[in-house]
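This report concerns only the one structure given below.
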Amino acid sequence: MGKSHHPRKRHKLVAHHQDRQEQPLIPGLPDHVAELCLSRLHPSLLYSICRSWRRFIYSPLFLPFPSLYTLFSSSNNEIQLLSFDPMTSKWEPVPPPPSPLRLLVHHPSFISRNLPVQSISVSGNLVLLAATAPNFNPALSRPLIFSPLSRSWRLGPPMATPRRWCAVGASGPTIYVASGIGFHFSTDVARSLERWDLEDDEMNGARWKKMRQLKDSRFSRDAIDAVGWRRKLCMVNVAKQGSVYDVENDRWEDMPEGMVAGWRGPVAAMDEEVLYAVDEVKGVLTRYDQDTTDWEEIMESERLIGARQMAAAAGRLCVVCGNGEILVVDVVVVPPRFWVVESPPALEPLAVHVLPRMSRADFS
């Protein structure tokens, strides 16, 4: 049994707590007016002022600010999803899914590389789509979706063919999975394309829908990001063969030679409008010019050499570098400004995503 406070002292503590809770956000203004005023300010300004304003920026009343979400792996094949809060500069564990993730990332036969865990961000959610199970079969039979605002996981509709080593991407709220390998290699699966609208729920008959097949199976053995760009999906495999899918017309097109030529590492699209690429050999960041079908150099850094994956949002690029660093590049300013987000000890970043901050109703 713990110590109990004297009744009079306990009453004072309760009263003090209530006073603190009921203290107005801005003295002299009703809270609903103060909330409108504070909502116009950057959250970093509010966070540094007082505790009540800190609580406010994590409440449902404040527009969620972007945070960095990263899939990490450990030496024992454990997968962890952590969120980096830019206000506190701290990593926070994301609530685990209902069932433990049994995924194979490291294996002695593939000591020089990781087995891919493919994930995308869609409509403010993180979606896990493909991975390898310990028996080398596809690990996920249906998408696993995490919502930061509700801090909860849910399952998407079953895929007709669970797969791994495929192309995954999104255009708007619609998710696409193309090619890959199922439990066994199949030409039909290697040429297949399926789509699912994340905003469809079970009541509306949420399901995967088959779309026009690929011309061949060239993407079936590579884990590829199908980058959503201007209502199209752009994908390039390790052999530098490119293809573009027109999502509005359900049609496959050849990728312009200039676009393929600059696709020399991870690529991401800012708001699905501007393509950025990192040359993983030279450490050069470029931006695609649709008019000239050429890539314009933005900056060069040794830190970008060996870049493995990239996400783009809110005017910034987040890059998983070859040395395990996570580099953030602000491409709004000229010249671009960059800094490193340190990973937690003994964890290796696999993929980064930019999503709304998690709700924290208990923030104090």
### Query
Can you find a heavy atom in the side chain of V94 that is under 4.5 Å from one in the side chain of M358?
yes

#### Entry: Y288 and W229 aromatic ring geometry - parallel, tilted or perpendicular at 30°/60° bounds
perpendicular

### Query
Rounded to the nearest 0.5 Å, what separation is found between the CE atom of M235 and the CZ atom of R218?
11.0 Å

#### Entry: Derivation of the side-chain contact (heavy atoms from CB on, under 4.5 Å) call for D225 and V267
CA-CA 8 Å; D225 286 330; V267 177; over 6 Å; no

### Query
With distance as the sole test, does D279 use its side chain to make a donor-acceptor pair with the main-chain N or O of V281 at under 3.5 Å?
yes

### Task
Could you pull out the closest heavy-atom pair between G315 and D330, with the gap in Å?
O-OD1, 3.6 Å

### Donor-acceptor contact present, side-chain S73 to main-chain V105, <3.5 Å
no

#### Entry: R195-S171 side chain donor-acceptor pair, cut-off 3.5 Å
no

### Query
Taking C-beta and beyond as the side chain, do Y176 and L193 meet within less than 4.5 Å on heavy atoms?
yes

#### Entry: Verify same cluster id: I224, I120 (apolar side-chain graph, 4.5 Å)
no

### Message
Pair R303, E325 - check salt bridge (charged side-chain N to carboxylate O under 4.0 Å, His left out), show working.
### Response
CA-CA 8 Å; R303 294 181 181 273; E325 288 183 341; 2.8 Å; yes

### Query
Honestly curious: do Y276 and V278 fall in one hydrophobic cluster under the side-chain, below-4.5 Å linking rule?
yes

### Task
Could you pull out the closest heavy-atom pair between L233 and A170, with the gap in Å?
CD2-O, 3.8 Å

### Task
Using atom types as modelled and distance alone, determine if a side-chain donor or acceptor of D197 lies under 3.5 Å from a backbone N or O of E199.
yes

### Message
Counting C-beta onward and ignoring hydrogens, is there a side-chain heavy-atom pair between L71 and S119 closer than 4.5 Å?
### Response
yes

### Query
So which heavy atom on C234 is nearest to which on V244, and how close?
SG-CG2, 4.4 Å

### Task
Applying side-chain contact (heavy atoms from CB on, under 4.5 Å), run through Q309 and V352 and close with a yes or a no.
CA-CA 7 Å; Q309 190 263 347; V352 290; 3.1 Å; yes

### Task
May I ask whether M87 and F84 are part of the same hydrophobic cluster, defined by side-chain heavy atoms of I, L, V, M, F, W, Y residues being less than 4.5 angstrom apart, directly or through others?
no

### Task
Answer yes or no: is there a donor N or O on one side and an acceptor on the other, between the side chain of N237 and the main chain of Q241, under 3.5 Å?
yes

### Query
How many angstroms lie between atom CD1 of I181 and atom OG1 of T132, to the nearest 0.5 angstrom?
9.0 Å

### Query
Between atom SG of C318 and atom CG of L327, what is the distance when rounded to the nearest 0.5 Å?
9.0 Å

### Task
Grab the two heavy atoms, one from P86 and one from P66, that are nearest each other, plus how far apart they are.
CG-O, 3.5 Å

### Task
Please report the shortest heavy-atom distance between L155 and I145, naming the atom on each side.
C-CD1, 4.0 Å

### Task
Please tell me if the side chains of L140 and L129 come closer than 4.5 Å, counting only heavy atoms from C-beta onward.
no

### Query
Are V274 and M299 grouped together when hydrophobic residues (ILVMFWY) are joined by side-chain heavy atoms under 4.5 angstrom apart?
yes

### Task
May I ask you to decide whether E280 forms a salt bridge with R264, counting only side-chain N to carboxylate O separations under 4.0 Å?
no

#### Entry: Heavy-atom pair of closest approach, residues P336 and V329
CB-CG1, 3.9 Å

### Derivation of the side-chain contact (heavy atoms from CB on, under 4.5 Å) call for N323 and I305
CA-CA 9 Å; N323 59 3; I305 294 176; over 6 Å; no

### Task
Would you confirm whether Q118, through its side chain, and C166, through its main-chain N or O, come within 3.5 Å as a donor-acceptor pair?
yes

## Note on the structure
dist H353:NE2 -> N125:CG (nearest 0.5 Å) comes out at 12.0 Å

### Query
Should the ring pair W208 and W196 be called parallel, tilted or perpendicular, given that the plane angle runs from 0 to 90° and is split at 30 and 60?
tilted

### Query
Could you give the distance from CD (E253) to CE (M255), rounded to the nearest 0.5 Å?
10.0 Å

### Query
Got more than 12 heavy atoms from elsewhere within 6.0 Å of CZ, R308?
yes

### Query
Do I57 and F65 have side chains that get closer than 4.5 Å, going by heavy atoms?
yes

### Query
Is there side-chain contact between T174 and V247, with heavy atoms separated by less than 4.5 Å?
no

### Query
side-chain contact (heavy atoms from CB on, under 4.5 Å) with L68: which of I326, L82, L355?
I326

### Query
Looking only at side chains, do S220 and S217 share a donor and an acceptor under 3.5 Å apart?
no

### Query
Is there a donor-acceptor contact under 3.5 Å from the side chain of D291 to the main chain of D289?
no

### Message
Angle between ring planes, W295 versus W263, binned at 30° and 60°: parallel, tilted or perpendicular?
### Response
perpendicular

### Query
Are any of the side-chain heavy atoms of W165 and L115 separated by less than 4.5 Å?
yes

### Charged N-O contact under 4.0 Å between E297 and R287
no

### Task
Verify the distance criterion only: is there a donor paired with an acceptor across the side chains of R357 and S83 at less than 3.5 Å?
no

### Task
Determine whether more than 12 heavy atoms belonging to other residues, nucleotides or ligands lie under 6.0 Å from atom CZ of R231.
yes

### Message
Using the salt bridge (charged side-chain N to carboxylate O under 4.0 Å, His left out) definition, which of the options R207, R163, R212 pairs with E194?
### Response
R163

### Task
Apply side-chain contact (heavy atoms from CB on, under 4.5 Å) to the pair L275 and M259, showing each step before the final yes or no.
CA-CA 10 Å; L275 284 174; M259 180 182 280; 3.9 Å; yes

### Message
Can a donor-acceptor pair be found, under 3.5 Å and without considering hydrogens, that links the side chain of E348 to the backbone of S74?
### Response
no

### Query
Hey, are K90 and E92 close enough for a salt bridge, meaning a charged N less than 4.0 Å from a carboxylate O?
no

### Query
Is it true that atom CD of E273 has more than 12 heavy atoms of other residues, nucleotides or ligands lying nearer than 6.0 Å?
yes

### Task
Would you kindly say whether R230 and Q290 are connected by a side-chain donor-acceptor distance under 3.5 Å?
yes

### Query
Do V340 and L304 sit in the same hydrophobic cluster, where Ile, Leu, Val, Met, Phe, Trp and Tyr count as joined when their side-chain heavy atoms come under 4.5 Å apart?
yes

#### Entry: Aromatic F56 / basic R51 pairing, under 6.0 angstrom, 45° off normal
no

### Summary
Value for CZ (R151) from CG (L149), rounded to nearest 0.5 Å, stands at 11.0 Å

### Query
Between W91 and F72, does the ring centre distance come in under 6.0 Å?
yes

### Query
Does atom NZ of K240 have more than 12 heavy-atom neighbours from other groups under 6.0 Å away?
yes

### Query
Within the side chain of Y69, is there an N or O that forms a donor-acceptor pair under 3.5 Å with the backbone of A351?
no

### Message
I'd like to know whether the aromatic ring centres of F136 and F183 sit less than 6.0 Å apart in this structure.
### Response
no

### Message
Contact between F185 and R221 at the side-chain level, heavy atoms closer than 4.5 Å - yes or no?
### Response
yes

### Message
For D254, I'd like to know if atom CG has over 12 heavy atoms of other residues, nucleotides or ligands within 6.0 Å.
### Response
no

